Amino acid sequence: MKPRVRFAPSPTGYLHIGGARTALFNWLYARRHGGTFILRIEDTDQERSTPESVQAILDGLKWLEIDWDEGPGVGGPFPPYTQMEKLGRYTQVAQQLIDTGWAYRDYTTEEEVAAARRAFAQSKGITDEKELRSAGFKFTSPWRDKRDVKDGPFVVRFKMPAREGTFGFEDMVLGRITKPFEDLDDFVLLRSDGVPLYNFGCVVDDHDMQVTHVGRGQEHINSTFPQLMVYEALGWAPPQFAHFPLILGPDREKLSKRKHPEADVMRHKQNGVLPHALSNFVMRLGWSHGNDELFTRQQLIELFDFKDVGHSSGVWNPDKLSATNEHWLKQSPVDDVAARLLPFLHSAGVVSASLDDKLKKGVVCFRERSKTLVEMAEKLVPYYAHGVTLDPAAAAKHLTADGKVMLGKAREFLQGVSTWTQPNLEPVVDTLASATGAKKGAIAQPIRVAATGGTVSPGIGDTLELLGREEALYRIDLALK
RNA sequence: GGCCCUGUCGUCUAGUGGCCUAGGACGGUGCCCUCUCACGGCAUAAACCCGGGUUCGAAUCCCGGCAGGGUCACCA
């Protein structure tokens, strides 16, 4: 049977880097096995969910080139793919659970539960409001064994059977994971407003959408147990589970949107990181294939497997992300890099830039000298300008009387170059060197300073070609005056 | 605090009882290449959390500590 996997984000903000990796792992698993990748929006937290967030997540996935076979925008055989659009379904399943004795209506108010929790916590010496949930409180509702139906709001709670021992599941990355039955309590299935909670909506949807494998972050390990109980109560076969390690910030704290700006996928786009570089980097954080580090998208599809996912949390390493980006900047097709570079060049002020030969030449010249597309664009700006401002120190050092004599000879040589390309321009250095006996540096540097204003640039032939005949000779003449 | 997961160089990791004198990558250091800056190449320092077992033999298996992370909501 072909696997059906899903990514089920909660639209409460931008696409988080951890979520992106979860999506990628699942997507890769689907592609590897010819399965289906489903995107489902879990927007039942009405306090925090926003349409803007849905769009942000969609945009993030698209940028990472993660496409979905079923979900928002593309539809599929088991709609809707947004939870708030199928509230009736949850109510129906909840009723079924009530009818079979696996759940009950609990008329206890939220405030009453909170008060009970607070009282319990205080009895254990905990008064800090934030620590209340750490007290190990297990709510026992007075409605647990009643079947009354009365007026007023109620939540539907799962009725945990009293059992001895432990139960668990076989995790595809971590192996056997178990928990004592007694650690579970009567969790809420449906809020008083009829909206399902995670542990219920998730199960209903995964079943309805015929999901076969649930791959998600390790923070969900503990929620797997109540979910397993819901599957049992409904008589549904649970999917296979795979829990992925978390990503920690450079400070070793869990990567959070609040504290870590790098948690935002699109921030990396803005920073000039290639989507595949981000994918490659984030893949290696928690998954490995022997000693290999760099993978093409195709290799990732051929090699990825849940069994090779690591067990422990990984720390975000900006240096390695940069190195990975530098690698793909150099390895990706020139046209692709040029197309992605163009917007950065535009926002750097070069409105005239277009996807032409000059841009591609610029990519070839500067992709070995840039860590990001932002940096590449910045370095390219002067090559699109008319004229240059000479760096005083550089001019003083290289545009001396001797330097200008050499520059004059170079000008003569360049004047005679018929086709203004690197192979034809590059010999200016060697030719003059053997003709005059001067060191190459004494020839190249004056040209470089004249052409770029500074002492740093690609090889002379490349630099001159990038500038173009007219502009290059113009700048040299300027320096010669 | 209860429960769950995890524990190899600074970081990401390879390693599934002998192949380990523990390998690779990023970062560090040194050298080479060289018209500048880069790219690249070569070399080098750097780790099996601690303690007990099991075994002829343990980074690998077991137990106990310790440490880190996660989770305990009418959030997901």
Side-chain angles (χ1 to χ4, degrees), chain A residues 8-10 12 42-45 47-49 106 108-110 113-114 117 124-126 131-139 153-157 168 171 174 177-180 182-185 187-193 195-199 201-202 216-225 243 245-246 248 250 252-254 281 284-294 310-324 326 330 365-370 379 394 398 426 429-430 433 439-449 452 454-460 463:
Chain A
S10 175
T12 55
E42 303 209 333
D43 57 349
T44 55
D45 182 346
E47 297 280 305
R48 299 191 299 153
S49 296
D106 182 0
T108 310
T109 65
E110 193 172 359
V113 175
R117 177 182 293 109
K124 298 192 71 176
I126 299 171
E131 295 294 310
L132 250 37
R133 292 197 184 107
S134 308
F137 175 67
K138 282 172 66 178
F139 180 65
F154 62 87
V155 297
V156 177
R157 279 186 189 272
D171 190 273
L174 298 171
I177 301 177
T178 61
K179 182 181 279 286
E182 63 173 356
D183 285 358
L184 270 51
D185 65 354
F187 55 95
V188 175
L189 262 18
L190 236 45
R191 290 185 182 84
S192 48
D193 61 4
V195 177
L197 260 75
Y198 175 66
N199 284 332
C202 173
R216 77 235 297 201
Q218 282 186 8
E219 71 267 26
H220 290 295
I221 288 180
N222 284 300
S223 59
T224 306
F225 299 98
H243 289 95
L246 270 18
L248 272 28
R252 294 181 151 282
E253 304 259 338
K254 180 188 176 188
F281 166 73
R284 281 292 290 101
L285 218 50
W287 170 84
S288 64
H289 180 265
N291 280 333
D292 301 336
E293 297 285 347
L294 282 344
H311 297 188
S312 53
S313 306
V315 176
W316 184 267
N317 183 342
D319 283 337
K320 190 142 185 175
L321 168 61
S322 181
T324 307
E326 286 164 49
K330 283 178 288 223
C365 287
F366 284 99
R367 61 159 147 200
E368 293 183 349
R369 281 164 251 260
S370 310
K379 290 187 172 179
H398 299 289
E426 195 67 37
V429 178
D430 282 341
K439 292 199 171 199
K440 291 183 180 183
I443 300 154
Q445 286 305 74
I447 300 175
R448 184 152 12 235
V449 173
T452 69
T455 57
V456 175
S457 87
I460 287 301
T463 299

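Model, not experiment: these values are computed from the prediction. A note on names: the letters A, B, ... follow the listed sequences, proteins ahead of strands, and every chain is numbered from 1.
Residue contacts for A/Thr12: at a heavy-atom cut-off of 4.0 Å it reaches no nucleic acid atom on any strand shown. A/Thr108 comes within contact range of at least one nucleobase, with a heavy-atom separation under 4.0 Å. Nucleic acid contact class of A/Asn317 (heavy atoms, under 4.0 Å, all strands): base.
B/rU54 makes up no base pair with any nucleotide shown, lacking Watson-Crick or G-U wobble contacts both under 3.5 Å. Across all strands shown, B/rU21 has no partner, as no Watson-Crick or G-U wobble contact with both distances under 3.5 Å is found. For B/rC66, the paired nucleotide is B/rG7, the pair qualifying as Watson-Crick or G-U wobble because both relevant distances are below 3.5 Å. When both pairing distances are held under 3.5 Å, B/rG28 makes a Watson-Crick or G-U pair with B/rU44. Partner assigned to B/rU71 is B/rG2, using Watson-Crick or G-U wobble distances below 3.5 angstrom. With both pairing distances under 3.5 Å, B/rA59 is matched to nothing as a Watson-Crick or G-U wobble pair.
Ring pair A/Phe137/A/Phe139 is tilted by interplanar angle, where 30° to 60° counts as tilted. Ring-plane geometry between A/Tyr198 and A/His220 is classed as tilted, the angle between the planes lying from 30 to 60 degrees on a 0 to 90 degree scale.
Side chains of A/Arg48 and A/Ser10: a donor-acceptor N/O pair is absent below 3.5 angstrom, by distance only. No hydrogens or angles considered: nothing links the side chains of A/Thr452 and A/Ser457 as a donor-acceptor pair under 3.5 Å.
Here the nucleotide nearest the side chain of A/Ser10, chosen from B/rA76, B/rG24, B/rC26, is B/rA76. Considering only the side chain of A/Ile177, B/rC4 comes nearest among B/rU11, B/rA76, B/rC4. Of the candidates B/rC5, B/rC74, B/rG10, B/rC74 carries the atom nearest the A/Arg191 side chain, counting heavy atoms from C-beta on. With distances taken from any side-chain atom of A/Leu285 to the nucleotides B/rG23, B/rU6, B/rC12, the minimum falls on B/rC12.
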*Under 4.0 Å protein heavy-atom contact, by nucleotide of nucleotides 65-73 of chain B - B base, S sugar-phosphate only*: ----SBSBB
*Nucleotide by nucleotide, 5' to 3', does protein get under 4.0 Å of the base (B), only the sugar-phosphate (S), or neither (-) in nucleotides 31-39 of chain B, counting heavy atoms?*
----BBBBS
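Taking atom P in both B/rC48 and B/rA59, the straight-line distance is 11 Å, to the nearest Å. Taking atom C1' on both B/rC9 and B/rC26, the two are 12 Å apart, rounded to the nearest angstrom. One P atom belongs to B/rC37, the other to B/rC32, and the distance between them is 14 Å to the nearest Å. B/rG7 and B/rA47 are spaced 12 Å apart, taking the C1' atom of each and rounding to whole Å. Nucleotides B/rG30 and B/rG51 are separated by 40 Å at their C1' atoms, to the nearest Å. Atom name C1', nucleotides B/rU60 and B/rA22: the rounded distance is 12 Å, in whole Å. Comparing the P positions of B/rC61 and B/rU16 gives a spacing of 11 Å, expressed to the nearest Å. Nucleotides B/rC75 and B/rC63 are separated by 39 Å at their P atoms, to the nearest Å.
Cation-pi check for A/Lys179 over A/Phe225 is met; the charged atom lies under 6.0 angstrom from the ring centroid and within 45 degrees of its normal.
A donor-acceptor pair under 3.5 Å links the side-chain atoms of A/Thr324 to the main chain of A/Lys320, judged by distance alone. Between the side chain of A/Arg367 and the backbone N or O of A/Ser370, no donor-acceptor pair lies under 3.5 Å.
Contact annotation: the side chain of A/Arg448 never approaches that of A/Thr455 to less than 4.5 Å [non-hydrogen atoms, C-beta and beyond]. Residues A/Thr224 and A/Arg216 form a side-chain contact, since some pair of their non-hydrogen atoms from C-beta on lies under 4.5 Å apart.
In this structure B/rC35 sits in the anti conformation; its chi angle is more than 90° from 0.
Rounded to whole Å, the distance from CZ on A/Phe225 to C1' on B/rG2 is 14 Å.
In the interface, the side chain of A/Asp183 is not paired with the base of B/rG2 through any donor and acceptor atom under 3.5 Å apart.
To the nearest 0.5 Å, the span separating CG on A/Asp171 from NE2 on A/His243 amounts to 6.0 Å.
Between A/Arg191 and A/Leu197, the shortest heavy-atom contact is CG-CD1, 3.2 Å.
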